[in-house]
**Q** 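Before anything else, here's the structure in question.
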2 protein chains.
Amino acid sequence: MNSEENKLILAAFKVGVNNVIFSVDSHHHQLLVLLVKREEKFFNNQWGLPGTLVRNGESLEDASQRILSEEIRVDNLYLEQLYTFERPNCNSKTSLDSFNIRHLSVSYFALVRFDKANSLGINNYNRTNWYMIQKVPQLIFDHNQILDYGYQRLRNKLEYSPIVFEILPDLFTLNDLYQVYTIILGENFADYSNFRSRLLKLGFLIDTERKVSRGSGRPASLYRFDAEAFAPFKNKPFVFV
Amino acid sequence: MNSEENKLILAAFKVGVNNVIFSVDSHHHQLLVLLVKREEKFFNNQWGLPGTLVRNGESLEDASQRILSEEIRVDNLYLEQLYTFERPNCNSKTSLDSFNIRHLSVSYFALVRFDKANSLGINNYNRTNWYMIQKVPQLIFDHNQILDYGYQRLRNKLEYSPIVFEILPDLFTLNDLYQVYTIILGENFADYSNFRSRLLKLGFLIDTERKVSRGSGRPASLYRFDAEAFAPFKNKPFVFV
DNA sequence: GCAAAAGTGTTGCACTTACACCCATGG
DNA sequence: CCATGGGTGTAAGTGCAACACTTTTGC
């Protein structure tokens with residue numbers, strides 16, 4: 001087959017999924033991302049996003065969920081497609097991909113509860129670990145780029161969609177909520193008292209009147225998120241912030 | 001090979017690209033999308049988004065550009081990845097895809113100048129046509145869904161990025177600009193005079209002092225977009241609207 | 001002069017910002 | 001009774017919607 005003929009032939013692909021899985025550790029005031037150490041010879045123990053190749057009979061999202069449940073034992077709280085990346089010239093570089101098989105990587109984005117997700121390190125010899133977002137090392141392939149893209153998306157989502165409530169317990173204090181926002185968006189996005197009044201005025205946070213005391217100081221009210229009352233704000237931008 | 005074994009085997013994919021190509025016909029005050037009539041036997045002359053399968057040696061974006069230049073002879077003005085869709089159970093439905101080849105469709109989104117793009121219908125026997133967005137018929141596969149997704153993206157883009165200037169001539173009146181916005185976003189997004197003052201205050205529209213007269217009425221100033229002056233607004237949301 | 005289109009100005013209202021202040025609890 | 005964190009209130013400033021008004025052209 002000469003090169004002209006080759007050009008008109010349809011490319012054959014294997015498809016992988018990569019997950020950008022975020023979690024918030026409120027206790028240490030840190031945004032975390034899940035990474036996996038790649039011990040295959042080509043990767044030389046570099047870290048990368050948790051991912052896998054798509055198998056027969058499973059959809060892309062299935063594959064993505066499989067990673068979530070294998071690496072951290074967690075029900076999906078929030079999962080969304082991010083972007084499709086092309087692995088550039090992969091076939092010519094690694095002997096794994098002989099025979100002109102090209103690779104595509106569809107990345108997904110997830111936000112999981114830290115307490116539920118924190119049961120890792122078992123049975124995987126520290127192969128999987130949470131990294132603080134500021135301390136992520138150089139990753140394999142283009143995974144740093146994918147991560148950046150996911151981080152961007154996370155911050156956007158936070159501003160107009162109620163994902164936070166997926167990682168907060170059913171009952172939470174307004175300070176809990178505020179903490180998550182500052183951890184992800186940085187300290188200087190709004191004053192706490194203004195954040196409070198703005199959100200409460202919107203009417204989808206219900207005061208249960210129940211109080212919880214955290215050390216000294218006045219006990220805080222526990223609130224819950226009312227999904228029905230939120231409905232009118234769906235797709236309306238900048239509900240929060 | 002039994003079904004258990006089959007499940008662990010990596011799926012093989014062919015990858016297609018589909019383009020959601022929008023254009024604005026200011027003269028008829030219409031938002032248009034480019035469709036292609038599919039004359040293959042399975043599609044029975046139904047319309048669909050212009051697309052193609054990815055060939056050897058070309059990247060996904062290459063393939064997408066190829067469509068742009070084949071269907072309408074146009075340099076890329078704006079091209080962006082939209083979303084990756086999975087063709088559900090395609091292999092079991094059409095005899096084309098025997099042998100467990102699955103299909104993935106990566107969709108791209110483009111906005112092209114109408115005058116430049118309007119040189120179609122030549123040599124293609126009305127196979128390609130612009131459709132008003134409200135009059136799009138039932139399309140093949142999930143193309144209606146992809147189109148909706150693209151339309152959504154277009155409206156979002158319009159609000160925080162300067163894509164409009166890619167489809168406007170170098171010199172344009174503020175009314176030209178306003179027209180494009182109302183065509184895409186609908187009439188009730190802002191009053192013309194407020195739109196004017198808000199945009200002018202931002203300082204990236206330069207009044208060239210040149211005037212143009214369109215029939216009766218006071219002649220309008222021609223403006224140009226100053227990309228440098230726009231720089232500080234990059235990624236800042238809701239610059240327009 | 002009159003209609004039509006371009007462009008300017010004004011006013012009220014709503015919302016944000018930056019604080020100051022009050023409240024309830026633990027020690 | 002004071003430190004601590006929770007919660008309320010307010011005054012100044014900003015931004016936008018609605019709409020009235022002025023300017024410059026063709027006829």
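The sequence lines fix the lettering, A, B, ..., with proteins before strands; numbering per chain opens at 1. Keep in mind that what you see is a predicted model, and the values were worked out from it rather than measured. FYI, side chains are in, hydrogens and waters are out, and symmetry mates aren't considered; it's all heavy atoms of this structure.
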**Q** State, to 0.1 Å, how close Gln81(A) and Thr84(A) come at their nearest heavy-atom pair, and which atoms those are.
**A**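 So the two residues come closest at OE1-OG1, 4.4 Å.
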**Q** So that I know where these two stand, are Tyr83(A) and Phe85(A) an aromatic pair - ring centroids less than 6.0 Å apart?
**A**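 They qualify: ring centres under 6.0 Å apart.
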**Q** Taking only distance into account, with no hydrogens and no angle test, what donor-acceptor pairs under 3.5 Å do side-chain atoms of residues 217-224 of chain A form with protein atoms, sequence neighbours excluded?
**A**
unit_1: Ser221(A); atom_1: OG; unit_2: Asp207(A); atom_2: OD1; d: 3.1
unit_1: Ser221(A); atom_1: OG; unit_2: Asp207(A); atom_2: OD2; d: 3.4
unit_1: Ser221(A); atom_1: OG; unit_2: Lys211(A); atom_2: NZ; d: 2.8

**Q** Atom CG of Asp191(B) and atom P of dC21(D): how far apart are they, to the nearest Å?
**A**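 For the pair Asp191(B) CG and dC21(D) P, the rounded distance is 15 Å.
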**Q** Would you call Arg113(A) and Glu166(A) a salt bridge, using N to O less than 4.0 angstrom?
**A** no
**Q** Going by the rule salt bridge (Lys or Arg N to Asp or Glu O under 4.0 Å), which residues pair with Arg214(A) if we only count those two or more places apart in sequence or in a different chain?
**A** Asp176(A)
**Q** Pick the nucleotide of DNA chain C nearest each of Asp207(B) and Ser193(A); which residue has the one closer to the 5' end?
**A** Asp207(B)
**Q** Salt-bridged, Arg155(A) to Glu159(A), with N to O below 4.0 Å?
**A** no
**Q** Kindly state which residues belonging to residues 194-203 of chain B come within less than 4.0 angstrom of DNA chain D, counting heavy atoms of the residue only, listed by number.
**A** Asn194(B), Arg198(B)
**Q** Would you grab the first and last nucleotide of DNA chain C (5' to 3') that comes under 4.0 Å of any non-hydrogen atom in chain B?
**A**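 Contacts span dA4(C) to dG9(C), reading 5' to 3'.
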**Q** Specify the separation, in whole Å, of atom OH of Tyr192(B) and atom C1' of dA20(D).
**A**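 Rounded to the whole Å, the gap is 17 Å.
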**Q** Are OP1 or OP2 of dG6(D) and a side-chain N or O of Asn175(A) less than 4.0 angstrom apart?
**A** yes
**Q** Please work out which residues in residues 157-165 of chain B have a non-hydrogen atom less than 4.0 Å from an atom of DNA chain C and list them by number.
**A** none
**Q** Measure centre to centre between the rings of Tyr160(A) and Phe240(A), then say whether the value is under 6.0 Å.
**A**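 Between Phe240(A) and Tyr160(A), which both carry aromatic rings, the centre distance is not below 6.0 Å.
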**Q** Round to the nearest Å and state the distance from Leu174(A) atom CG to dG7(D) atom P.
**A** 6 Å
**Q** When the aromatic ring centroids of Phe172(A) and Phe165(A) are compared, is their separation below 6.0 Å?
**A** yes
**Q** Check the distance between dT24(D)'s P and Glu209(B)'s CD and give it to me in whole angstrom.
**A**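 From Glu209(B) CD to dT24(D) P: 13 Å.
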**Q** List the residues meeting side-chain hydrogen bond (donor to acceptor under 3.5 Å, both in side chains) with Tyr131(B), not counting sequence neighbours, and say none if there are none.
**A** Trp47(B)
**Q** What are the two closest non-hydrogen atoms of Asn19(A) and Leu49(A), and how far apart are they?
**A** O-CB, 3.7 Å
**Q** Taking the minimum atom-to-atom distance to the side chain of Ala220(A), which one of dT4(D), dG7(D), dA20(D) wins?
**A**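 The listed nucleotide nearest to Ala220(A)'s side chain is dG7(D).
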**Q** When you compare the side chains of Asn18(B) and Ser105(B), does any donor N or O come within less than 3.5 Å of an acceptor on the partner?
**A**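 Yes, because at least one side-chain N or O of Asn18(B) sits under 3.5 Å from a partner of the opposite role on Ser105(B).
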**Q** Can you work out whether Arg218(A) or Gly215(B) has the more 5'-proximal nearest nucleotide on DNA chain D?
**A** Arg218(A)
